[in-house]
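To start, the structure itself, in structure tokens.
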Amino acid sequence: PKVNDVKTSIKQANDKTTALCNKLYEIIFGYREDNPITVDELYEKMDKVLPESYDFTQFLELLDYAVAKMPGIYYDREELYVIEEHVSLKKIFATEKKKEIGFEAAKLIRSGQTIFIDAGSTMNELVNILCTRIKSKNLGNLKIIVISTDQASLIADACAQMGYDQYNSPIQLYMPGGMVRPNTKAIVDYDENKSEINDLIKSVGPIDLAFVGANGITLKDGVTTHLNMELAIKSTVCQSAKNLYFV
């Protein structure tokens, strides 16, 4: 076969696999440890939405392959649930709603503030709008603290496109030191006895406005998130910020 034909076939196979993984994740996303979905239930749901039919044995083979490409999923051949939403998959959900939330959140940002932006796919939409405002010279004397490597890159690129440097930039961008979690691309403390974000807040100044990511709200527990290394940073910011918004 011609090289172009092979490339086309590979791309088609990759697109098909990606679509399958996305569809599976959309269904599994609503299930957690206390309410897992069984493989039989998942098969029934997938059979209604897939463009072609698979028998149960074929479906299990596809599921084995797909789950290997979907980090953060518990799977034991009997049931499945989401352990933690992974950055590579969260971006496929509710994209228009996230853009709306990012737009509303961006309205709260004013020149002269010190702001904190948490990691997360919704926060990325806020940063996209913030970068547009930076390039339109709509903001000045703004200090931004981020813990997302993606967000830091986006903001730094926006400032670089405007020809800013550390001496004349109206935007000062800060990140704490630490370890990057591949799950969310967020920086977390590498030493549980030392808070890098707390030291940074003390150095940069009080946070006027903080946008903190959350995974749920319950009457019993209030605003909730996963029990992981990012929780310490969220807690520190919540205690430090003058104005706090959960996104």
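Here Lys185 contributes atom NZ and Gln151 contributes atom CD; the two are 11.0 Å apart, rounded to the nearest 0.5 Å. Annotation: the span from Lys135 atom NZ to Tyr164 atom OH amounts to 11.5 Å, rounded to 0.5 Å. Rounded to the nearest 0.5 Å, atoms CD1 (Ile187) and CD1 (Ile197) are 9.0 Å apart. We find the OG-CG distance between Ser195 and Asp199 to be 6.5 Å, quoted to the nearest 0.5 Å. With rounding to the nearest 0.5 Å, the separation of OH in Tyr81 from CZ in Arg32 is 11.0 Å. The CD atom of Glu61 sits 11.0 Å away from atom CG of Leu63, with the distance rounded to the nearest 0.5 Å.
A side-chain donor-acceptor contact under 3.5 Å links Asp55 to the backbone of Gln58. Looking at Ser136, its side chain does come within 3.5 Å of a backbone N or O of Thr132 through a donor-acceptor pair. Of the possible donor and acceptor atoms, none in the side chain of Arg77 sits under 3.5 Å from a partner among the backbone N and O of Val39. Lys143 contributes no side-chain N or O that, together with a main-chain N or O of Ile171, makes up a donor-acceptor pair within less than 3.5 Å. Here the side chain of Asp165 pairs a donor or acceptor atom with the backbone of Asn168 at under 3.5 angstrom.
A donor-acceptor pair shorter than 3.5 Å cannot be found between the side chains of Tyr245 and Asn243. Under 3.5 Å, the side chains of Asp64 and Tyr75 contain a donor-acceptor pair of N or O atoms. Using modelled atom types, one finds a donor on one side chain and an acceptor on the other under 3.5 Å when comparing Glu41 with Thr38.
No continuous path of ILVMFWY side-chain contacts below 4.5 Å connects Ile145 to Ile129, so the two sit in separate hydrophobic clusters. In the hydrophobic clustering of this structure, Phe56 does not group with Tyr65; members are Ile, Leu, Val, Met, Phe, Trp, Tyr whose side-chain heavy atoms approach within less than 4.5 Å, directly or through other members. Placement of Met46 and Leu62 within a single hydrophobic cluster is found when ILVMFWY residues are connected by side-chain heavy-atom separations under 4.5 Å, directly or transitively. The hydrophobic cluster containing Ile73 also contains Leu60, counting ILVMFWY residues as joined when their side-chain heavy atoms lie under 4.5 angstrom apart, directly or transitively. Using a 4.5 Å cut-off between side-chain heavy atoms of Ile, Leu, Val, Met, Phe, Trp and Tyr, with links allowed through other members, Met162 and Leu142 fall into the same hydrophobic cluster.
Val188 and Ile233 get closest at one heavy-atom pair: CA-CD1, 3.9 Å. When all heavy atoms of Phe246 and Ala214 are compared, the closest pair comes out as CD2-CB, 4.4 Å. When all heavy atoms of Ala158 and Ile134 are compared, the pair lying nearest together is CB-CG2, 4.4 Å.
Gln166 CD: more than 12 foreign heavy atoms inside a 6.0 Å radius.
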Would you be so kind as to tabulate the donor-acceptor pairs closer than 3.5 Å made by side chains of residues 109-119, with sequence neighbours excluded?
from: Arg110; atom 1: NH1; to: Lys107; atom 2: O; distance (Å): 2.2
from: Arg110; atom 1: NH2; to: Lys107; atom 2: O; distance (Å): 3.3
from: Ser111; atom 1: OG; to: Gly140; atom 2: N; distance (Å): 2.9
from: Gln113; atom 1: OE1; to: Arg110; atom 2: N; distance (Å): 2.7
from: Asp118; atom 1: OD2; to: Gly213; atom 2: N; distance (Å): 2.9
from: Asp118; atom 1: OD2; to: Lys234; atom 2: NZ; distance (Å): 2.5

Residues 173-181, side-chain donor-acceptor partners within the protein, below 3.5 Å, at least two apart:
from: Tyr174; atom 1: OH; to: Gln172; atom 2: OE1; distance (Å): 2.5
from: Arg181; atom 1: NH1; to: Glu84; atom 2: OE2; distance (Å): 3.1
from: Arg181; atom 1: NH1; to: Glu230; atom 2: OE2; distance (Å): 2.7
from: Arg181; atom 1: NH2; to: Glu84; atom 2: OE1; distance (Å): 3.0

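Here the side chains of Lys97 and Thr122 are not in contact, with every heavy-atom distance at 4.5 Å or above. Here the side chains of Ile28 and Leu42 are in contact, with some heavy-atom distance below 4.5 Å. The shortest distance between side-chain heavy atoms of Leu126 and Asn124 does not fall below 4.5 Å. Contact check for Ser240 versus Thr236: side-chain heavy atoms found under the 4.5 Å cut-off. In this structure, Glu196 and Tyr190 have side chains that are in contact, with non-hydrogen atoms separated by less than 4.5 Å.
Here the options are Asn128, Val146, Leu130, Thr149, the test is side-chain contact (heavy atoms from CB on, under 4.5 Å), and the partner is Leu154; only Asn128 passes.
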- Message: Could you go through Leu209 and Leu108, starting from their C-alpha distance and side-chain angles, then the distance that decides it, and tell me whether this counts as side-chain contact (heavy atoms from CB on, under 4.5 Å)?
- Response: CA-CA 8 Å; Leu209 186 62; Leu108 300 168; 4.0 Å; yes

**Request:** Apply the test side-chain contact (heavy atoms from CB on, under 4.5 Å) to residues Val247 and Met123: give CA-CA distance (whole Å), side-chain angles for both, the deciding distance (0.1 Å), then the verdict.
**Result:** CA-CA 8 Å; Val247 180; Met123 301 294 184; 3.5 Å; yes

Requested in this report: For the pair Val82 and Tyr31, evaluate side-chain contact (heavy atoms from CB on, under 4.5 Å) and give the outcome as yes or no after the intermediate values.
Outcome: CA-CA 6 Å; Val82 175; Tyr31 297 88; over 6 Å; no

task: Please test Glu79 against Tyr74 for side chain to side chain donor-acceptor pair (under 3.5 Å), starting from the C-alpha separation and ending with a verdict.
output: CA-CA 8 Å; Glu79 58 186 26; Tyr74 174 86; 5.3 Å; no

*asked:* Run Ile37 and Lys45 through side-chain contact (heavy atoms from CB on, under 4.5 Å) and show every step you take.
replied: CA-CA 10 Å; Ile37 184 171; Lys45 289 179 179 292; 3.9 Å; yes

